[in-house]
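What follows is a set of notes on a single structure, which appears directly below.
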Amino acid sequence: MFFHIVLERNMQLHPRHFGRDLRDKLVAKLMKDVEGTCSGRHGFVVAITGIEHVGKGLIRDGTGFVTFPVKYQCVVFRPFKGEILEAVVTMVNKMGFFAEAGPVQIFVSNHLIPDDMEFQSGDMPNYTTSDGSVKIQKDSEVRLKIIGTRVDATEIFCIGTIKDDFLGVISDPEL
Amino acid sequence: MDELRRTLSELKHLRRASIEKDMCTHPGVIGGLCIRCGQKVDDQSGVAFGYIHKDLRLGNDEVARIRKRDFKNLLRQKKLYLVLDLDHTLLNSTRLLDITPEEEYLRSQTHALQEPLKGSLFRLDYLHMLTKLRPFVRTFLKEASNLFEMYIYTMGERAYAMEMAKLLDPENVHFNSKVIAQGDCTQRHQKGLDVVLGHESAVLILDDTEPVWVKHKDNLILMERYNFFASSCRQFGFNCKSLSELKSDESEADGALATVLEVLKQIHGMFFDQKLGDNLVDRDVRKVLKTVRMEVLKGCKLVFSRVFPTKFQAEKHQLWKMAEQLGALCTTELDPSVTHVVSTDAGTEKSHWAVREKRFLVHPRWIEAANYLWQKQPEENFPVKQTKSQL
């Protein structure tokens with residue numbers, strides 16, 4: 001799920017940046033440092049939408065660096081257990097398939113794929129029903145439910161299932 | 001009354017779901033999460049399958065379950081498993097700094113990496129290597145893929161393995177999620193089928209090195225080494241000029257890969273033979289391999305002369321065992337039923353007997369050739385020289 005929240009961060013700036021463009025340089029550094037990172041609490045920071053407030057700078061003893069507390073608004077993405085997401089399949093193998101929903105990678109093992117779908121190996125590995133009516137292959141879009149998440153500094157990894165009602169393939173890959 | 005019944009059944013459903021969650025046996029763990037219930041699991045048991053995903057571990061039950069399911073799937077497609085070694089089996093690589101002056105001409109003959117299907121000699125700058133694919137390898141892979149699900153299993157590092165896989169399989173059709181490298185081995189210096197998701201009874205291995213497959217000798221088809229580069233020849237102690245220095249190469253049409261492809265087709269055909277009647281699931285490709293091997297020197301009775309060191313127990317010698325595996329009978333004493341005398345010296349008593357009794361007198365290489373070429377070779381191609389005896 002996406003959230004629009006306010007976060008705070010202490011930014012350290014080297015004295016060579018002090019001058020007319022100090023605030024711009026601070027904002028640029030903030031974007032470079034924060035966009036694309038993850039945290040357990042907030043999830044994946046997708047983009048910074050605005051700066052709410054830049055506090056007074058505090059000179060650090062002995063180094064000359066200055067610390068500014070910055071409050072900023074940003075869009076974050078955090079998957080939750082039980083949440084239903086749409087994702088694009090990136091890889092299919094005999095263990096299950098991997099799918100991506102934005103920055104999040106989700107693995108659906110064959111334990112959590114309906115029993116009537118069998119794995120077909122070949123140059124385009126896929127899971128297909130016995131009558132061939134439903135097929136999951138690379139670039140298919142699927143609706144899945146998250147049943148477990150793990151977040152570290154650079155990525156979010158989830159376990160998903162398509163075994164419940166209304167889950168599964170939404171559309172086939174574009175030809 | 002109805003409402004009560006409905007509530008009770010909902011509660012039962014919830015209770016069952018939560019019990020199922022608590023009772024999850026965590027068949028496998030990926031990225032620290034159970035693949036079945038999604039909970040965080042700290043377990044480090046089971047086998048790591050780093051080549052499928054860097055953080056994947058599977059319990060033994062799960063491996064067995066996947067193997068069984070996959071095997072049924074493959075049998076339906078009439079396929080078996082084939083594990084392929086890289087170095088000296090499908091290709092030969094050398095470091096750029098090991099190139100000899102006579103090999104310098106190769107530098108200008110490399111093919112573009114962007115068009116791997118067009119060539120067989122590639123220069124990989126970031127790995128500082130030159131790689132030569134073995135003749136016939138592309139046709140081999142294409143035809144073998146109709147009969148086998150293939151894996152790459154190398155003792156090289158993962159980065160090297162992935163680059164080689166890209167050269168051999170640029171469209172990622174044969175080896176998707178099936179490139180096993182040194183880091184995936186569960187035992188040091190040993191390759192094992194424990195990291196292959198296939199039943200041992202349906203796996204054939206092609207490798208030029210026997211000692212790494214101690215646990216799976218019966219699945220192994222030993223390949224003749226492909227030494228194209230000078231550094232490779234030196235590595236194995238050969239002082240002659242290499243194929244690259246002689247500006248020559250292994251024959252495409254009847255090189256090692258073409259020969260072994262025919263053998264694989266034969267084994268595959270025998271395995272899936274409908275007339276045998278019993279269940280396909282119960283068949284064992286190792287037995288078929290043994291049977292095919294036993295045909296090579298069937299009917300031959302061998303005696304060895306000056307081949308084994310004195311006081312060495314003959315039956316334990318590698319050549320003796322090799323000959324027996326190829327279907328020959330080996331004895332230590334001469335008798336009228338002996339057909340071949342295998343010797344390194346034409347001056348021994350047993351060698352003289354062979355010439356006198358008009359039996360075949362062959363060099364031990366005759367047995368090795370039969371082993372690599374899967375066919376009895378003409379005996380006249382393996383003459384024995386007379387060595388100066390010490391008086």
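Here the structure is a predicted model, which means the values were calculated and not measured. Lettering of chains follows the sequences in order, A, B, ..., and the numbering in each one begins at 1. What's counted below: heavy atoms across the whole structure, side chains too, no hydrogens, waters or symmetry copies.
- Using the six-membered ring where Trp is involved, A/Phe98 and A/Phe157 have ring planes that are tilted, between 30° and 60° apart.
- Residues of residues 53-80 of chain A lying under 4.5 angstrom from chain B, judged on non-hydrogen atoms, do not exist here.
- In terms of modelled atom types and a separation under 3.5 Å, the side chain of A/Asn93 and the main chain of A/Met91 share no donor-acceptor contact.
- Of the two parts of A/Thr149, only the backbone, made up of N, CA, C and O, holds a non-hydrogen atom closer than 4.5 Å to a non-hydrogen atom of chain B.
- Heavy-atom contacts from other residues, nucleotides or ligands closer than 6.0 Å to CD of A/Glu100 number more than 12.
- Ranked by heavy-atom pairs under 4.5 Å with chain A, the first of B/Asn172, B/Leu58, B/Leu33 is B/Leu33.
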Derivation of the side-chain contact (heavy atoms from CB on, under 4.5 Å) call for A/Met95 and B/Ser177: CA-CA 10 Å; A/Met95 303 271 333; B/Ser177 295; over 6 Å; no

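- Both the backbone and the side chain of B/Leu197 come within contact range of chain A, each with at least one heavy atom under 4.5 Å from a heavy atom of that chain.
- Of the listed residues (B/His53, B/Lys178, B/Arg76, B/Arg69), the greatest number of heavy-atom pairs within a distance under 4.5 Å of chain A belongs to B/His53.
- No more than 12 heavy-atom neighbours from other residues, nucleotides or ligands sit within 6.0 angstrom of NZ on B/Lys68.
- With a 4.5 Å cut-off on non-hydrogen atoms, A/Phe107 touches chain B through its side chain but not through its backbone.
- Among residues two or more places apart in sequence or in another chain, the side-chain hydrogen bond (donor to acceptor under 3.5 Å, both in side chains) test is passed with B/Glu62 by A/His111, B/Arg65.
- When each of B/Ile66, B/Ile52, B/Asn73, B/Ile35 is scored by its heavy-atom pairs under 4.5 Å with chain A, the top score falls to B/Ile35.
- Sorted pairs that involve residues 163-185 of chain B and meet ring pair (Phe, Tyr, Trp, His ring centres under 6.0 Å), not counting sequence neighbours, are lacking altogether.
- Residue pairs meeting the side chain to side chain donor-acceptor pair (under 3.5 Å) criterion with at least one member in residues 11-20 of chain A: none, sequence neighbours excluded.
- Using bins of under 30°, 30° to 60° and over 60° for the plane-to-plane angle, the ring pair B/His216/B/Trp213 lands in the perpendicular bin.
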